[in-house]
Each structure stands twice: as structure tokens, then as C-alpha cells.
Amino acid sequence: MIDLRLLRDTPDVVRASQTLRGDDPSLVDTVLELDTRRRAAVTDFERLRAEQKALGKQVAQARGDEKAELLARAKGLAEQVKARQADADAAGAELDAVVSRIGNVVHDGVPAGGEDDYVVLKHVGTPRDLAAEYGPDFAVRDHLELGELLGAIDTERGAKVSGARFYFLTGIGARLELALLNAAMDRALAAGFTPMITPTLVKPEVMAGTGYLGAHADEVYRLEADDLYLVGTSEVALAGYHADEILDLSDGPRRYAGWSACYRREAGSYGKDTRGIIRVHQFHKVEMFTFVSAEESQAEHQRLLALEEEMLGLVELPYRVIDTAAGDLGSSAARKFDCEAWLPSQARWLELTSTSDCTTYQARRLGVRERTATGETRPAATLNGTLGTTRWIVAILENHQQADGSVRVPEGLRPYLGGLDVLRPTRPAGA
RNA sequence: GGAGACGUCGCAUAGUCAGGUCUAGUGCGCGACCCUGCUAAGGUCGUGAAGGCGCAAGCCUUCCGUGGGUUCAAAUCCCACCGUCUCCGCCA
């Protein structure tokens, strides 16, 4: 939720942000108008209510005829109070409905435009030239082919058991995921994050609080019988962890690393990434989540990005970092950096991490506040970032593949695989 | 799944039966100050959140698990829901 005071004091800033996002800037003026109306309604109600309370006290003291007369007056007043309260409530609801449509104010420097208008901040590492290494006739194997050779991925039986976009990680595939996610948890722990294993079913207010029931609501699984939602990331549960709490952040941020299954309906992506495990309905993820004072959020954002890069370095993947354009930000994010690894089989970049600075937007909706040194309360800032997902296996297999279908294990992962340095096919290539 | 008890201002508790003086008392904790020759004791005052009005001082409204209802008036009465605990049953 946007800061109403900010919107009142500097509407131009919010209008500019709306424009940058490609959203309607006139919503700001609608909010200003509805806000004025609401405040008038509230004042009306409160004045009458005060009158009613005062009268109520007189009723309590009075006796006989005097009491009967006061009672009659009080009855009339009660009707009016009820009506004014309804007016004030309605005005508040009307205001909320519009306010909730305004996205977070984007940070200075965020590129304007949509999905394709990102700015590449840097490249790290160089994609291998497999043709140079293994000869011009070498056919690059994609992650599914490799995964099947290694006995690591079984999408056929995934479909048999659960349908399209489901899979089994088998044998070394399962071990590889555990290794990756354990490595991610260890990195987070070393960086001062508290490891968390989180619920994957959450209440509607938590899901709404994180902003996932807005434009992308049809991406979210809902269990109708229980009125619960399946999370698409542990960010949801972690954001809700301190909902309606007042935190003491004077000793530094609260940093959590959540491990959870993640569920996504992939409703709008028919025919996209249908092969393998790039885009699936269920996967595992280690997610960083920070509660921090508002003015420190951008510095924390850089820290999360640095940790993501450290993990990508650990698994030795070539990647680039992009600054997502305003129109491609979630409503809660003021800025978002993605790290994309090279995908040899498709000669393109594949998103492996995403870190968002939600400033106080998400926290305001969830009621997460901090107490300042002067004893005041104010909304905290929240940030999140990816430290490892099932999808990373795609990039690891493809980038570290060798001519015979084996896959070199990046050194950073070897301790998590009992020292294993090469994943070898369990059946001959081509079989 | 069944039965019962309970949910009050950071913590503990009073208030709920008999609705109005609850503007929610008290203790602890916390903060400021005072006193005191010393890691003691005591005293005074203060101490929740959200919102509205106001230049300000300040005033006002809402919140006693949540949401409805009854009433001129609800922490208090009624209903539903949520949560915690105890017991019983069932089961990975």
C-alpha cells in the first residue's frame, strides 16, 4: 500500500511513478478527492459519536421524567450516528479500493517501459564455446536430455502422476537439488540469515498482503474448501511472519532464509517452456527475506544482489544482471534486479534469481512496523531475493556438460555431494 | 471428530455473574526526574496502537481474539468464527 501522506504531500512524485510504470497517473487525483471526502465523513461521524457518548452519560445519571426525555433524544441520535458511521465506512472502502491499485513508487534510475526495456548492468563469466571445445559437429544437449542420461529428471512419469509441468527428480537429480539448496542455506547462514522452513499454505490476508492477489492472482493456487492459498515462494510466509508486529530494528535488519516448496499455476504460459523443468508447477527454493529500516533498503538490496551473485559464482555459471523496467515490476517493488544465466541449448538468458526492494509498500499492507529511536512507530521496509531454485539445475547441467553426456560438478557443490566431481550417464548417450 | 475451560493496554492479573461512575484498576517491566557516600533501598511522574480536527497547546474517535447482533449505552448480554489449553476418540 502506498503511503497516503506521501501521496497527499507530493502527488507529482506518485504521478510520475505511475507514468513510468505505464499505469494511470490520474488515479492519484482520484485518491486525493476520495481522501478528502473520507476525512470529512470521518469528522462528521466522530463529532456525532462524541455527542452520543456525552448524552449517554447524562442518561445514566438522570432519573424519572428527565431520563425519559434524554432517552428519547438519545434514540434519535443513535440513528444518525449509525448512518454517519456507514457513510464513513463506505468512504473508507471506496478510498482503499483505489489506493490499492497504485503501485509502489519506483526508485530513481529505474528504466521506463515494459518487459523488454530492462537495462543490462553487467556480465559475469563467459559462456563456453562448445563448438570450439568439442568440434563443430557437437550437438549441445539440453537439460532434459542430460537429465535423462544421468537418471536425474523424469518428466514422463511426472506427467503420468500429476500432469503437465510436473516431474520427478530422481537419484542424482534429487541429490543435486538438495546439494544446491543446502549450499544456498549455508551461504545465507554465513551471511547472518536465520534459516526458516515455512508454511506453504497461507491465509487470504497474508497472500493479499504480499501483493500476489493483484494483477497476477490467476497464477496462484487456491484451496477453496479451506480458503487457503499455496504460496509461489516462501517470501509470502516470511513477509507474513512479522505481520501486525512492531520490530526493534535498531540492532540491524531481521534477515531470514526460507526453504520451501513453491507452487505456480503458470496460467498464461501455455506452450512456453514446455520441455523439461524450466517452467513447472512445483519446485523448491531458498529465498532471502529482510525486514529493515526504510532508509537502509537500497543498501540492503545491493547486499542481497551480492549474495545471489556469490551463489552463482559458487556453481560457476556465466550470467548477467538486469535492472528491470518499471512496467515489469510487481506492484510492491520499487526496484528489481534479476540475474540471468546463460542457457546453451537455447542460446539465451534464463532468469535464475530475482531480488526486489519493496520499501515500505508491502510492510504497510501487512502491518509490519518498527520502533524508531525516538519511540515512534513507522512501517519497516521489506526485501526479498532468490538464493537457489530447482531451475538452477537446468543451467548447471547445460553449462557444465561434457562431450560424453557427463556433467562436471562445480567445485562449490562437491562438498554437498560427497566429493563427487562428475555426474556420469547411467545409460549410454542416444539410448 | 466429541466434550470442556480460556482469550483484557510489553508480561501478569482485576473487571464480565447483576450493561452506564471502565476516561479499563493493580503489580511487574520500561523511561525521566528526585533523594541517597557509593553494583542497595525509596519517592514522584510518565509509559499501547490506528485515525481525525487544530498554526499550536491540545481536543476527539476507534480498538478488551475476529466479525455480526441486541440496546439510548457493550470488555460486560446474544450468535458465528478463529486461536490456545485439558480430556476422550481416531489416525499418518
Side-chain angles (χ1 to χ4, degrees), chain A residues 1-9 31-100 197-209 222-229 237 240-251 254 261 291 293-294 360-381:
Chain A
M1 195 164 66
I2 193 97
D3 182 359
L4 256 186
R5 205 166 313 157
L6 173 86
L7 187 142
R8 250 182 245 157
D9 295 346
V31 166
L32 288 173
E33 192 190 317
L34 290 175
D35 181 44
T36 305
R37 209 181 299 168
R38 175 189 131 266
R39 283 189 287 165
V42 164
T43 304
D44 264 5
F45 157 69
E46 289 183 351
R47 206 193 57 240
L48 268 177
R49 176 72 176 143
E51 201 179 317
Q52 184 193 29
K53 284 176 74 170
L55 197 56
K57 271 176 198 154
Q58 291 179 46
V59 171
Q61 309 262 328
R63 291 287 175 275
D65 288 350
E66 192 193 357
K67 181 153 188 164
E69 189 206 325
L70 286 172
L71 220 58
R73 271 173 60 200
K75 274 186 193 180
L77 199 52
E79 302 250 321
Q80 291 183 54
V81 168
K82 213 166 200 173
R84 291 288 84 76
Q85 174 154 39
D87 290 347
D89 288 351
E94 213 179 329
L95 174 66
D96 287 347
V98 182
V99 168
S100 68
I197 293 174
T198 64
T200 52
L201 285 166
V202 299
K203 297 179 179 184
E205 60 264 32
V206 173
M207 190 55 94
R222 171 155 184 257
L223 300 194
E224 183 139 20
D226 301 283
D227 201 16
L228 291 169
Y229 291 91
Y241 187 67
H242 286 303
D244 297 317
E245 293 183 25
I246 299 172
L247 304 174
D248 179 3
L249 297 175
S250 60
D251 296 335
R254 301 281 189 107
F291 298 90
S293 295
T360 58
Y361 190 93
Q362 194 177 55
R364 191 171 285 108
R365 209 160 30 188
L366 286 164
V368 183
R369 290 161 293 169
E370 68 158 321
R371 192 168 306 280
T372 64
T374 54
E376 318 262 272
T377 61
R378 59 170 192 177

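Just so you know, these numbers use all the heavy atoms, side chains as well, and skip hydrogens, waters and symmetry mates. Quick note on labels: first sequence line is chain A, next is B, and so on, each numbered from 1.
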*Among the candidates B:C53, B:U23, B:A49, find the nucleotide nearest to the side-chain atoms of A:Lys57.*
B:U23
*asked:* If I take atom CD in residue A:Glu245 and atom C1' in nucleotide B:G10, what distance separates them, rounded to the nearest angstrom?
replied: 13 Å
_Value in whole Å for how far the C1' atom of B:G51 lies from CG of A:Asp44_ = 15 Å
*Would you please name every residue forming a salt bridge (charged side-chain N to carboxylate O under 4.0 Å, His left out) with A:Glu33, sequence neighbours left out?*
A:Arg37
*If you measure only the distance, is there a donor-acceptor pair under 3.5 Å linking the side chains of A:Gln52 and A:Arg49?*
yes
Under 3.5 Å, which donor-acceptor pairs link side chains of residues 197-208 of chain A to any protein atom two or more places apart or in another chain?
none

*For atom P, what is the distance between B:G42 and B:U21, given to the nearest Å?*
35 Å
*Which value, in whole Å, describes the distance between the P atoms of nucleotides B:C63 and B:G68?*
11 Å
*According to a strict under-4.0 Å criterion, is A:Arg371 in side-chain N/O contact with OP1 or OP2 of B:G48?*
no
*If you measure from the P atom in B:U84 to the same atom in B:C30, how many Å do you get, rounded?*
31 Å
_Can you list everything that forms a side chain to side chain donor-acceptor pair (under 3.5 Å) with A:Asp251? Sequence neighbours excluded, please._
none
*B:C91 pairs with, by Watson-Crick or G-U criteria that keep both distances under 3.5 Å*: none
*Taking only residues two or more places apart in sequence or in another chain, which ones pass ring pair (Phe, Tyr, Trp, His ring centres under 6.0 Å) with A:Phe291?*
A:His242, A:Phe289
_For a quick check, with a 4.0 angstrom heavy-atom cut-off, what is the B/S/- contact string for nucleotides 61-83 of chain B, read 5' to 3'?_
BS-------S-BS----------
*For B:U21, which nucleotide in any strand shown is its Watson-Crick or wobble partner with both distances under 3.5 Å?*
none
*Rounded to whole angstrom, note down the P distance from B:A24 over to B:A49.*
15 Å
*With P as the reference atom in both, quote the distance from B:C87 to B:U76 in angstrom, rounded to an integer.*
31 Å
*If pairing requires Watson-Crick or G-U wobble contacts with both distances under 3.5 Å, which nucleotide is the partner of B:G51?*
B:C60
*Does a side-chain heavy-atom distance below 4.5 Å link A:Leu95 with A:Leu4?*
yes
*asked:* Between A:Arg369 and A:Ile246, is there a side-chain heavy-atom distance shorter than 4.5 Å?
replied: yes
Taking distance alone, no hydrogens or angles, what donor-acceptor pairs closer than 3.5 Å link side-chain atoms of residues 75-87 of chain A to residues at least two apart or in another chain?
| residue | atom | partner | partner atom | Å |
| --- | --- | --- | --- | --- |
| A:Arg84 | NE | A:Asp87 | OD2 | 3.1 |
| A:Arg84 | NH2 | A:Asp87 | OD2 | 2.8 |

*Using whole Å, report how far CG of A:Asp89 lies from P of B:G52.*
15 Å
_Under a 3.5 Å cut-off for both contacts, is B:U44 paired Watson-Crick or G-U wobble with anything, and if yes, with which nucleotide?_
B:A32
*Of all residues at least two apart in sequence or in a different chain, which pass the salt bridge (charged side-chain N to carboxylate O under 4.0 Å, His left out) check with A:Asp35?*
A:Arg8, A:Arg38, A:Arg39
*Separation of the C1' atoms in B:C85 and B:A32, to the nearest angstrom*: 41 Å
*Counting only side-chain N and O atoms of A:Arg39, is one of them less than 4.0 Å from OP1 or OP2 of B:C53?*
yes
*Hey, does A:Arg38 reach any base, or is it just sugar-phosphate, or nothing, if we go heavy atoms under 4.0 Å?*
sugar-phosphate
*Distance between the P atoms of B:G65 and B:G27, in whole angstroms?*
23 Å
*With a 3.5 angstrom cut-off on both distances, give the Watson-Crick or G-U wobble partner of B:C6, or none if there isn't one.*
B:G83
*Given the C1' atoms of B:C22 and B:A14, what is the spacing between them in whole Å?*
12 Å
*asked:* Between A:Glu376 and A:Thr43, which residue's closest nucleotide on RNA chain B lies nearer the 5′ terminus?
replied: A:Glu376
What are the atom names and distances for every N/O pair under 3.5 Å that joins the protein to nucleotides 30-32 of chain B?
none

*Using a heavy-atom cut-off of under 4.0 Å over every strand shown, decide if A:Arg8 touches base, sugar-phosphate, or nothing.*
sugar-phosphate
*For B:C77, which nucleotide is its Watson-Crick or G-U wobble mate, given both distances must be under 3.5 Å?*
B:G69
*Would you please name every residue forming a side chain to side chain donor-acceptor pair (under 3.5 Å) with A:Asp227, sequence neighbours left out?*
A:Arg222
